[in-house]
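Here it is, the structure in full.
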Amino acid sequence: MQSIRSVLFTAAALTITFAAFVLTASLALALAGIAAVVVVGSAIATRLNFRPARATARPAAAGATQSQREMRIWNDGRGTIIDL
């Protein structure tokens, strides 16, 4: 009777250990998959970002006052730029 009980306890312990291993492995695989999706999504989002336009001020025309200069307004994707 004692040997049958020890065999059953050993089988139960092995079953529980195997179930815990499978659960842990599946959770680790799911976490790795989520991390991979986040990394790939971040890489794609970084590639799709537009580079800001280079802003250069035109020299003022001879005899032009500050109020006569053309005001330029544009959006570079990170905010509105107003060139007075």
Side-chain angles (χ1 to χ4, degrees):
M1 187 69 172
Q2 198 70 333
S3 63
I4 294 173
R5 186 180 300 168
S6 69
V7 168
L8 289 177
F9 279 142
T10 303
L14 286 174
T15 303
I16 292 171
T17 303
F18 181 72
F21 173 74
V22 168
L23 178 68
T24 303
S26 65
L27 289 176
L29 188 61
L31 184 63
I34 291 170
V37 167
V38 168
V39 167
V40 169
S42 175
I44 291 173
T46 302
R47 277 194 108 158
L48 294 179
N49 277 345
F50 297 106
R51 292 193 175 106
R54 186 172 188 152
T56 56
R58 293 185 206 144
T65 63
Q66 182 69 21
S67 63
Q68 293 174 335
R69 286 187 62 198
E70 179 183 335
M71 181 171 62
R72 297 186 308 150
I73 302 173
W74 73 95
N75 190 342
D76 69 348
R78 292 182 290 177
T80 302
I81 299 172
I82 301 173
D83 184 15
L84 298 176

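In this text, all values refer to a predicted model and were calculated from it rather than measured experimentally.
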Donor-acceptor list for residues 8-23 side chains, cut-off 3.5 Å, not counting sequence neighbours:
{"unit_1": "Thr10", "atom_1": "OG1", "unit_2": "Ser6", "atom_2": "O", "d": "2.7"}
{"unit_1": "Thr15", "atom_1": "OG1", "unit_2": "Ala11", "atom_2": "O", "d": "2.7"}
{"unit_1": "Thr17", "atom_1": "OG1", "unit_2": "Ala13", "atom_2": "O", "d": "2.7"}

Apart from Val40 itself, its cluster of hydrophobic side chains linked below 4.5 Å comprises Ile44, Leu48
How far does OG1 of Thr24 sit from CG of Leu29, to the nearest 0.5 angstrom?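 These two atoms lie 12.5 Å from each other.
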